[in-house]
Amino acid sequence: MRANPVFTPLAAALALLALAGSAVPAPAPVSSGHPAHAAANPAFELRERLEGVTEANIDGHPERALPAALRAESWWKDHAKELAFVAAGDSLIARVTAEARGGRSMNAARAAWELSERSFAPGSKGLDDALMRLDLVGLAAWLRAHGAAVRWPDGTQRALDLVESHLTAQHKRALARQFRTATTAALATPVSSSGDARPAKRLLDLVDVVEKALKS
C-alpha cells in the first residue's frame, strides 16, 4: 500500500485556492446598451450635426442655423480624416458655414444636405444607414417644397426595402405599410417655392417612430 501524502499548511492553502479558482465562471460579455452607430460611426455623428442646420429652418428658427453649422464645422475639423472618402467635404462644410453666417439659412440647409448625402461609406447597407437615407428623403422633400432643387439620395429604394423587411420580420406589417406610403408620398414632392411640405414632415416623424420600433 502506498503511503498517504503529507499536506503541509502551504500545500493545503494552494489546493484550496486552485479549487476556488476552478469554480469561478468565465465573465459574460458586456453589452454597451447603445445602438451600434452610437459607439463609433463618424458619418452618423456628422449627419446629426448637419441635420440641425435644416431643422432650424423646419422649426421656423433660421437664426439657429449658424450655431448648428458652426458645431458641424468644428466637428469636421477634428474628424475629417475619418471620412476621407467624402468628395469635396472641406468646400461643402465651408459653404454651409458661409451661407449660414450670411443669413442664407436655406442655402446652408441645402449644402448641409449635400454633405450628409455624400457621407455614406461606400457599400454601406446597414439598418442604421438605411434609416438615415430615408431621413434624408424627408429632408430633401422639405427642401424641394421650399424651392431647393435637391435630388433624392442614392439607394433610397434599397433602404426602404430593408427597413420594410425588418418591420415585417418583427410582425409590424401595418407600420411597414404606413412607412412605405409616407416615403412614396414624400418622393412625389416636386420642386416648388410654395410646395406642400406635409409629406416631408410626415416621413420625418415616421422615421423616428420606425427607428424606435425596430430598436425597442
Side-chain angles (χ1 to χ4, degrees), residues 29-59 62 64-102 104-143 148 150-163 165-166 183 200 203-204 207-208 210-212 214-216:
V30 178
S31 172
S32 66
H34 297 290
H37 61 64
N41 189 329
F44 185 89
E45 292 176 3
L46 173 63
R47 290 192 292 265
E48 275 197 325
R49 287 160 177 78
L50 291 170
E51 189 170 6
V53 180
T54 307
E55 285 179 343
N57 291 279
I58 294 175
D59 295 340
R64 297 177 185 170
L66 179 56
L70 292 173
R71 286 192 293 272
E73 182 183 51
S74 176
W75 186 95
W76 179 262
K77 287 178 179 177
D78 292 336
H79 300 277
K81 61 183 179 297
E82 300 173 50
L83 298 172
F85 57 86
V86 176
D90 289 340
S91 61
L92 271 173
I93 196 69
R95 200 171 101 206
V96 172
T97 306
E99 295 287 9
R101 186 172 280 120
R104 298 177 294 275
S105 62
M106 283 295 295
N107 290 345
R110 178 173 180 173
W113 187 93
E114 290 178 15
L115 181 52
S116 293
E117 204 276 333
R118 296 184 190 188
S119 70
F120 292 93
S124 59
K125 297 178 181 178
L127 181 60
D128 284 328
D129 278 338
L131 286 165
M132 195 62 205
R133 286 183 195 278
L134 296 165
D135 194 65
L136 285 178
V137 169
L139 295 175
W142 191 89
L143 288 167
V150 297
R151 62 186 180 85
W152 303 114
D154 291 337
T156 293
Q157 187 59 53
R158 183 173 62 248
L160 178 57
D161 291 343
L162 178 62
V163 172
S165 69
H166 275 267
T183 303
L203 177 57
L204 290 170
V207 168
D208 292 336
V210 167
E211 183 172 18
K212 290 175 183 175
L214 288 172
K215 297 182 179 181
S216 60

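No experiment lies behind these values; they were computed from the predicted model shown. Each residue takes its place number in the sequence, starting with 1.
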Looking only at atom types and distance, does a side-chain atom of T97 sit under 3.5 Å from a main-chain N or O of A94, one as donor and one as acceptor?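 No: the side chain of T97 does not pair with the backbone of A94.
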Is a donor on one side and an acceptor on the other found under 3.5 Å between the side chain of S74 and the backbone of R71?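 The answer is no, because no donor-acceptor pair under 3.5 Å joins these two groups.
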What pair of heavy atoms forms the shortest contact from [X] to [Y], and how long is it?
{"X": "A141", "Y": "W152", "answer": "N-CZ3, 3.6 Å"}
{"X": "A112", "Y": "V96", "answer": "N-CG2, 3.5 Å"}
{"X": "P153", "Y": "V137", "answer": "CG-CG2, 3.6 Å"}
{"X": "V86", "Y": "L115", "answer": "CG1-CD1, 3.7 Å"}
{"X": "L162", "Y": "K125", "answer": "CD2-O, 3.3 Å"}
{"X": "R101", "Y": "L70", "answer": "NH2-CD2, 3.4 Å"}

Tell me which pairs pass salt bridge (Lys or Arg N to Asp or Glu O under 4.0 Å) where either residue lies in residues 104-122, with sequence neighbours left out. R95-E114, E99-R104, R110-E114, E117-R151
Kindly write out the residues that satisfy side chain to side chain contact (heavy atoms under 4.5 Å, CB included) with R47, not counting sequence neighbours, or none if the list is empty. A43, F44, S116, S119, F120, D129, M132
Kindly write out the residues that satisfy side chain to side chain contact (heavy atoms under 4.5 Å, CB included) with L160, not counting sequence neighbours, or none if the list is empty.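 Partners of L160 by the side chain to side chain contact (heavy atoms under 4.5 Å, CB included) criterion, ordered by chain and then number, come out as L134, Q157, F179, R180, T183.
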Mind checking the [atom1]-[atom2] spacing from [X] to [Y]? Nearest 0.5 Å is all I need.
{"X": "H166", "Y": "L131", "atom1": "NE2", "atom2": "CG", "value": "9.0 Å"}
{"X": "T156", "Y": "D161", "atom1": "OG1", "atom2": "CG", "value": "11.0 Å"}
{"X": "D135", "Y": "E211", "atom1": "CG", "atom2": "CD", "value": "8.5 Å"}

Please table the atom pairs, donor to acceptor, closer than 3.5 Å between any side-chain atom in residues 49-57 and protein atoms at least two apart or in another chain.
from: R49; atom 1: NH1; to: E45; atom 2: O; distance (Å): 2.9
from: N57; atom 1: OD1; to: S105; atom 2: OG; distance (Å): 2.6
from: N57; atom 1: ND2; to: V53; atom 2: O; distance (Å): 3.1
from: N57; atom 1: ND2; to: S105; atom 2: O; distance (Å): 3.3

Kindly determine whether V163 and V207 satisfy side chain to side chain contact (heavy atoms under 4.5 Å, CB included), including the steps that lead there. CA-CA 10 Å; V163 172; V207 168; over 6 Å; no
Could you check whether any side-chain heavy atom of D128 comes within less than 4.5 Å of a side-chain heavy atom of N41, counting everything from C-beta outward? no
If the condition is ring pair (Phe, Tyr, Trp, His ring centres under 6.0 Å), which residues does W75 pass it with, not counting sequence neighbours?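 So W75 forms a ring pair (Phe, Tyr, Trp, His ring centres under 6.0 Å) with H79.
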Qualifying residues under ring pair (Phe, Tyr, Trp, His ring centres under 6.0 Å), relative to W76, sequence neighbours excluded: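 Scan of W76 (ring pair (Phe, Tyr, Trp, His ring centres under 6.0 Å), adjacent residues dropped) gives none.
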